[in-house]
*Asks:* 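Before anything else, here's the structure in question.
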Amino acid sequence: DGCGHTVLGPESGTLASINYPRTSPNSTVCEWEIRVKPGQRVQLKFGDFDIDDSDSCHSSYLRVHNGIGPNRTEIGKYCGFGFQMDGLIISKSNEVTVQFMSGIHTSGRGFLAAYSTTDKSDLITCLDNASHFSEPEFNKYCPAGCVIPFADISGTIPHGYRDSSSLCMAGIHAGVVSNTLGGQINVVISKGIPYYEGSLANNVTSEVGPLSTSLFTFKTSGCYGTLGMESGVIPDSHITSSSILEWPNQTGQVNIWKPENARLKRIGPPWAAFISDEHQWLQIDLNKEKKITGIITTGSTLAEHYYYVSAYRILYSDDAQKWTVYREPGMDKDKVFQGNTELYQEVRNNFIPPIIARFFRINPVKWHQKIAMKVELLGCQFSIGRAPKLTLPPPPRNKNDEKNADFMDDFIHSVKTSLQTDKTTFTPEIKNTTVTPSVTKDVALAAVLVPVLVMVFTTLILILVCAWHWRNRKKKTEGTYDLPYWDRAGWWKGMKQFLPTKSAEHEETPVRYSSSEISHLRPREVPTMLQTESAEYAQPLVGGIVGTLHQRSTFKPEEGKEASYADLDPYNSPIQEVYHAYAEPLPVTGPEYATPIIMDMSSHPSTPLGAASISTFKAAGNQAPPLVGTCNKVLSRTDSASSAQALYDIPKGQLGAGSADQLVYQVPQSVAHPSGSKDE
């Protein structure tokens, strides 16, 4: 009477003392006899060990034996509070006896242990959780029987499980391993999330969990997609049932809960059977063989109709005539799956091994009030090839041939039976979704991708090089203060007409203004000497009277605030217009040359009679003020590139020509004079 939780599978299992993890009762005993396949050995691992050792293992202890029966030999005898047993206990044969004895004691939880065959080198117990391992990814073997009431988990797939959850129990909840068989799990650790959802799956309830530093998930074969009930891929005509519930409502309208209503998450009533008994079924035709790995069910989802199925069996067929009831491998009883506990919650059950079939039936065996449900199937396409067809011999001609024919019929029947049995009992290996693809596929993929990538990168490089060359060419063709694109036509041809010779390019000609213009200056604003700016741009050329003001020129573009005549405001003129220190720009249609400064020709000795007096200053009414004064000569540039002298006016009322305070404004004259002219 000292046996607690016990599941003894063909290759692994779990055993615990009675009342674990609470204190075991006094004076109890239990023996477990473990057998595995011949030729294999048994390894035993303890997850927890807490047995009273007050009498030195005399009345309370755990003893392990090689073999079963009177010929067994002792491997070891163990006791102690919080005893830590490092490593595994390994038998010498395929049979082991575990004996637990509990004497008079006041404390001690007892023990929990797991066993497996020795080829499972990474065996863990049902109590191990993700926090016990530091690797970001690892493989472990879970024993059978890890659905235990004293362990809990938080989370669900695909979001993950809290790191405090039992690894093996979470693996059963996720459908990765079976509670009856155990199996290999591939665990991946990642960063935790603030909230873990709860759900019911594979007879394991996952609780809601709070924030944790890390979580874990499982790598699987990936065959867990929906097969078309919710999405409508499976047509209504492929969903049938044993009976249909029909009933009139209060208004007299007939409600029909047809089988096509049994689509998960579909708004409205579910499928319901007319009679609630164990002979009712819901059938789904998948159109061809599929690999079915799980099922999700709900109740009616209608609050006024509290109906749901709490347990059911699964049947499957290839032709809808011969049906096979689903059983777990090694079991001689039909598996009954846990259904819903209320009408809303989605409950998932997985098939390990998966079902390969076209027709799928759900047979309710327990329900609440009425049989009503909505379902969805999980799985994927089935791509494994069938067994080759057997070629039958020709019809028999005599008795011996008839005997041979009977023998062949029996042989074919036995082969079909074995194929059917293998299909329903074969345990598939859980494949890792990160398995490296075959080399041939990699080579074929590389043969396509490499040329494409080379062409793409070559094209990008050519585009960049062309863009760089175009940009440099543009910079070379355009100056720092270049003309707009639409003004460049004929620029150089027009410029050559007025370019001076090379010898006179860098000479600067001072400018004198008439005394009438000087009189407008306020004394406090007249500088002693107004220096012109350095010849960064071409100086106005003296080429005769051409054009008037308000024409375009190659003046310096404004780059912020610069000093000019307008900034100094040296003239007391009522005119509010401000003129730039350089010639105004030429019109769009005009030639793009520097505009010469306009000269006063009226008082010059060599000026023809009738010549108009023109000033470089604009007077009121757009009329040039008269200029009065005598002439003096200065050197000026001419069209012949030879040095020449020209006469200019000087303001009246000023000091002599040699005075340091003389204010010099020079106005170029239109006629050059001999070099022998005198200054005044």
Side-chain angles (χ1 to χ4, degrees), residues 4-9 11-17 19-22 45-48 109-116 120 122-133 135 137-190 192-193 195-210 212 214-220 224 293-294 328 335 337-338 341 345-352 430:
H5 173 76
T6 302
V7 175
L8 304 181
E11 293 184 345
S12 63
T14 301
L15 52 151
S17 58
N19 211 32
Y20 180 86
R22 297 182 294 274
K45 182 181 180 65
F46 289 94
D48 189 19
R109 297 184 301 273
F111 76 96
L112 180 139
Y115 76 89
S116 71
K120 311 295 189 301
D122 48 3
L123 174 67
I124 60 176
T125 69
C126 303
L127 299 179
D128 287 315
N129 56 45
S131 60
H132 295 169
F133 306 96
E135 300 91 342
E137 182 175 344
F138 54 87
N139 294 317
K140 297 297 176 182
Y141 184 84
C142 289
C146 280
V147 178
I148 48 181
F150 42 83
D152 54 355
I153 63 171
S154 296
T156 185
I157 54 173
H159 305 295
Y161 297 88
R162 201 172 188 271
D163 55 3
S164 60
S165 303
S166 166
L167 286 171
C168 295
M169 197 168 176
I172 296 171
H173 182 273
V176 178
V177 295
S178 168
N179 182 58
T180 305
L181 300 173
Q184 200 80 22
I185 58 173
N186 190 343
V187 183
V188 178
I189 308 296
S190 57
I193 56 178
Y195 175 79
Y196 295 88
E197 297 179 355
S199 64
L200 176 60
N202 299 308
N203 203 24
V204 176
T205 300
S206 172
E207 304 292 344
V208 174
S212 67
S214 63
L215 60 81
F216 64 90
T217 55
F218 301 96
K219 283 188 177 180
T220 67
Y224 295 98
T293 58
E328 290 183 313
K335 181 175 176 61
F337 295 89
Q338 179 185 358
T341 58
Q345 185 181 21
E346 295 182 2
V347 176
R348 174 173 46 83
N349 282 288
N350 292 94
F351 308 125
I352 302 175
I430 300 299

*Asks:* How close do N349 and Q338 get, counting heavy atoms only, and between which atoms?
*Replies:*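 So the two residues come closest at ND2-O, 2.8 Å.
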
*Asks:* To the closest 0.5 Å, what do you measure between SG (C168) and CG (N129)?
*Replies:*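 CG of N129 is found 10.5 Å from SG of C168.
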
*Asks:* Tell me, with the steps shown, if S212 and Y196 meet side-chain hydrogen bond (donor to acceptor under 3.5 Å, both in side chains).
*Replies:* CA-CA 9 Å; S212 67; Y196 295 88; 2.5 Å; yes

*Asks:* To the nearest 0.5 Å, tell me how far K120 NZ sits from Y115 OH.
*Replies:* 11.5 Å

*Asks:* Look up atom CG in L167 and atom CG in L127, then write down how far apart they are to the nearest 0.5 Å.
*Replies:* 11.0 Å

*Asks:* The criterion is side-chain hydrogen bond (donor to acceptor under 3.5 Å, both in side chains); which residues satisfy it with N19, sequence neighbours excluded?
*Replies:* R22

*Asks:* Apply side chain to side chain contact (heavy atoms under 4.5 Å, CB included) to K140 and V187, showing your working.
*Replies:* CA-CA 8 Å; K140 297 297 176 182; V187 183; 5.8 Å; no

*Asks:* So how far is it from Q345 CD to T205 OG1, rounded to the nearest 0.5 Å?
*Replies:* 7.5 Å

*Asks:* Evaluate the criterion side chain to side chain contact (heavy atoms under 4.5 Å, CB included) for residue pair N179 and N202; output intermediate values, then yes/no.
*Replies:* CA-CA 9 Å; N179 182 58; N202 299 308; over 6 Å; no

*Asks:* In terms of SG positions, are C142 and C126 separated by less than 2.5 Å?
*Replies:*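 In this structure, C142 and C126 share no disulfide.
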
*Asks:* Supply the atom-to-atom distance I185 CD1 to Y141 OH, rounded to the nearest 0.5 angstrom.
*Replies:* 11.0 Å

*Asks:* Mind checking ring pair (Phe, Tyr, Trp, His ring centres under 6.0 Å) for F216 and listing every partner two or more places apart, or none if nothing turns up?
*Replies:* Y161, F218

*Asks:* For the pair N186 and Q184, evaluate side chain to side chain contact (heavy atoms under 4.5 Å, CB included) and give the outcome as yes or no after the intermediate values.
*Replies:* CA-CA 7 Å; N186 190 343; Q184 200 80 22; over 6 Å; no

*Asks:* What residues form a side-chain hydrogen bond (donor to acceptor under 3.5 Å, both in side chains) with D48, not counting sequence neighbours?
*Replies:*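 With sequence neighbours excluded, D48 shows a side-chain hydrogen bond (donor to acceptor under 3.5 Å, both in side chains) to Y20, R109, given in chain and number order.
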
*Asks:* Looking at T14 and P143, what are the two nearest heavy atoms and their distance?
*Replies:* OG1-CG, 3.8 Å

